[in-house]
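A quick write-up on the structure given underneath.
Computed from heavy atoms alone, side chains included, the values below leave out hydrogens, waters and symmetry copies. On a predicted model such as this, the values are computed, not experimentally measured, just so you know.
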Amino acid sequence: MSSIPLSEGRPPTQRIATPAQRIALVDVNNFYASCERLFDPRLESRPMVVLSNNDGCIIARSDEAKALGIAMGVAVHKVRDSLKRQKVQIYSSNYALYGDMSARVVSVLKRFTPYLEVYSIDESFLDLSGFADPEAYGHDIRDTVLRWTGLPVSVGVGATKTLAKIANRMAKKNPALGGVFVMPGDDADDELLGRIETGDVWGIGRRLAARLETLGIVTALDLKRADPKFIRARFSVVVERTVLELRGTPCLSLEAATPQQKGIMVSRGFGKRVRDFGHIEAAVATYASRAAEKLRRQGLAANKLTVSLRTSPFDAARERYANAASFVFPEATTDTAEMIGAAGRCLKSIFKPGLAYQKTGVFLDALEDAGHAQRSLFSRFDSGPGADPARTRALMQTMDRLNAAWGRDTVRFAATGLQRPWAMKQGNKSPCYTTRWRDLKQVQA
DNA sequence: TCTGGGGTCCTAGGACCC
DNA sequence: TCTGGGGTCCTAGGACCC
């Protein structure tokens with residue numbers, strides 16, 4: 001994270017003097033709207049919005065649209081008349097375009113420092129520790145990105161990620177700053193923090209803000225001055241970190257390497273309500289295969305698949321229902337057909353006829369590196385050279401006998417193979433074997 | 001009629017083991 | 001049969017982010 005390498009052999013507890021950490025947050029202003037504008041110059045200085053997947057709600061607005069008071073996330077049908085009256089241009093979203101533009105911005109940013117974390121499609125954290133004049137550097141970054149990609153960015157600099165976020169917000173809110181703001185640091189931050197509500201601090205959402213308010217903590221400055229230990233006891237370690245970060249103590253490090261993804265989700269709302277099982281089944285199969293594609297593209301394999309299904313939480317008059325079912329694969333898989341099959345079974349177990357459904361999704365979980373996917377305990381008997389199905393059956397029978405005799409999942413296979421709540425709910429008693437090497441050892445013992 | 005589609009991390013609590 | 005502490009692993013649910 002720091003650009004100063006630790007010398008080898010130094011005890012980890014010993015602190016070394018480093019220049020104050022400087023983190024810059026660079027993000028694209030109104031990212032989706034700015035991308036669309038790039039390819040349609042007629043939109044320049046006109047109010048415009050970009051819509052979500054089914055053109056359901058507003059997910060991006062140009063400055064001009066914001067000035068008209070159009071809210072983020074609002075359902076289009078609620079504001080359709082007002083959009084028309086104010087001549088707001090309306091665009092469907094184009095994620096392929098945004099992904100491509102995002103990559104271009106990142107490649108420009110990488111010329112400024114290799115210590116960079118791509119945080120989201122339109123935001124990156126840059127480590128500028130040790131740079132003499134971060135403000136001038138920020139302007140350089142901004143000018144270069146604009147010139148090379150056509151996209152306007154804002155740059156906020158602070159001692160921690162949380163402070164960089166706040167600085168970025170300042171840069172956006174005050175046009176006079178020219179898109180760049182550097183937090184002065186320490187006590188000099190206080191005047192500014194006093195004018196920011198806790199809910200606008202990174203990591204403090206609506207619920208936490210409400211709970212903090214009951215304690216009299218209303219502004220970012222109040223939060224900075226709160227006792228970290230008290231906050232930890234009352235809330236959690238997450239909020240405690242935010243307090244420390246506001247004080248300039250880094251708790252969230254810059255992650256230059258992208259870690260392995262932990263879950264993969266594909267979900268969509270239906271354009272209109274759906275009652276037909278076949279329709280939902282087709283959607284689930286499509287999502288399962290898309291999820292499998294994403295999985296393989298990253299060289300991962302999944303151990304578990306979950307299907308969720310729900311009616312609309314917005315239909316106050318109709319019966320509400322939401323449920324999910326999971327399937328744990330006998331061994332980690334990347335196979336589309338296997339996933340579609342599992343997804344279909346899961347769906348069947350939670351589908352209730354007669355309801356008007358709004359949304360379904362497929363989630364892949366317990367991911368691991370496909371190259372090191374755990375071999376099935378039985379796979380060497382099941383297939384390949386030396387296959388011995390009889391041996392497999394014998395092993396399974398042994399397990400069944402042990403489990404029956406001891407009245408529980410003695411050797412831990414039977415129960416761990418199926419997610420319990422689902423198995424119970426379905427009355428599915430058939431054992432499903434997870435076959436890890438540690439289990440094999442227990443059997444042999 | 002119509003309300004996004006993804007992700008992350010933390011905590012509490014249950015099952016189980018010795 | 002009861003009691004009990006210390007530990008791991010797993011899951012559900014809640015909070016947040018973009």
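- Not one side-chain nitrogen or oxygen of A:Lys165 sits closer than 4.0 Å to the OP1 or OP2 atom of C:dC16.
- With B:dT11, B:dT3, B:dG5 as the choices, the nucleotide that has an atom nearest any side-chain atom of A:Val237 turns out to be B:dT11.
- In this structure, A:Ser52 and A:Met265 both approach DNA chain B, and ranking their closest nucleotides by distance from the 5' end singles out A:Ser52.
- Shown here is A:Gln298, whose CD atom has more than 12 heavy atoms of other residues, nucleotides or ligands within 6.0 Å.
- Distances shorter than 4.0 Å separate none of the side-chain N or O atoms of A:Lys359 from OP1 or OP2 on B:dT3.
- Taking atom CG of A:Asp365 as the reference point, atom C1' of C:dT11 lies 10 Å away to the nearest angstrom.
- Inter-residue side-chain proximity for A:Leu128 and A:Phe112 is flagged as unmet; no heavy-atom pair is nearer than 4.5 Å.
- Between A:Arg241 and B:dC10 there is a side-chain N or O to OP1 or OP2 distance below 4.0 Å.
- One finds no side-chain N or O of A:Arg310 lying less than 4.0 angstrom from the OP1 or OP2 phosphate oxygen of B:dT3.
- Comparing A:Ser236 and A:Ile264 by the nucleotide of DNA chain B that holds the closest heavy atom to each, the one mapping nearer the 5' end is A:Ile264.
- Pairing for B:dA15 is with C:dT8, a Watson-Crick or G-U wobble pair whose two hydrogen-bonding atom distances lie under 3.5 Å.
- Using a 3.5 Å distance cut-off with no hydrogens or angles, the side chains of A:Lys352 and A:Asn323 do not pair a donor with an acceptor.
- Neither OP1 nor OP2 of B:dT1 sits under 4.0 Å from any side-chain N or O of A:Arg80.
- With B:dG5, C:dC16, B:dC10 as the choices, the nucleotide that has an atom nearest any side-chain atom of A:Arg207 turns out to be C:dC16.
- Between A:Arg206 and C:dA15, a side-chain N or O to OP1/OP2 separation shorter than 4.0 Å is absent.
- Taking 4.0 angstrom as the limit, A:Lys304 places none of its side-chain polar atoms (N or O) nearer than this to OP1 or OP2 of C:dC10.
- Between A:Lys294 and the phosphate of B:dG6, there is a side-chain N or O to OP1/OP2 separation shorter than 4.0 Å.
- Looking at heavy atoms from C-beta onward, A:Glu117 lies in side-chain contact with A:Lys161 at the 4.5 angstrom threshold.
- Using a 4.0 Å heavy-atom distance criterion, A:Val76 is classed as making no nucleic acid contact.
- Side-chain N/O atoms of A:Gln358 include none lying less than 4.0 angstrom from OP1 or OP2 on B:dG5.
- Across all strands shown, A:Asp122 has heavy atoms under 4.0 Å from sugar-phosphate atoms exclusively, and none from any base.
- With rounding to whole Å, A:Ile231 atom CD1 is found 17 Å from B:dC10 atom P.
- Counting non-hydrogen atoms under 4.0 angstrom, A:Tyr98 reaches nothing in the nucleic acid.
- Within the 4.5 Å cutoff, no side-chain heavy atoms of A:Leu309 are placed close to those of A:Val284.
- Judged by distance alone, the side chain of A:Ser289 and the main-chain N or O of A:Thr286 form a donor-acceptor pair under 3.5 Å.
- The separation of C:dC17 from B:dT3, taken at their P atoms, amounts to 25 Å, rounded to a whole angstrom.
- Using a 4.0 Å heavy-atom cutoff across all strands shown, A:Tyr119 reaches sugar-phosphate atoms only and no base atom.
- Atom CG of A:Asn30 and atom P of C:dC18 are 14 Å apart (whole Å).
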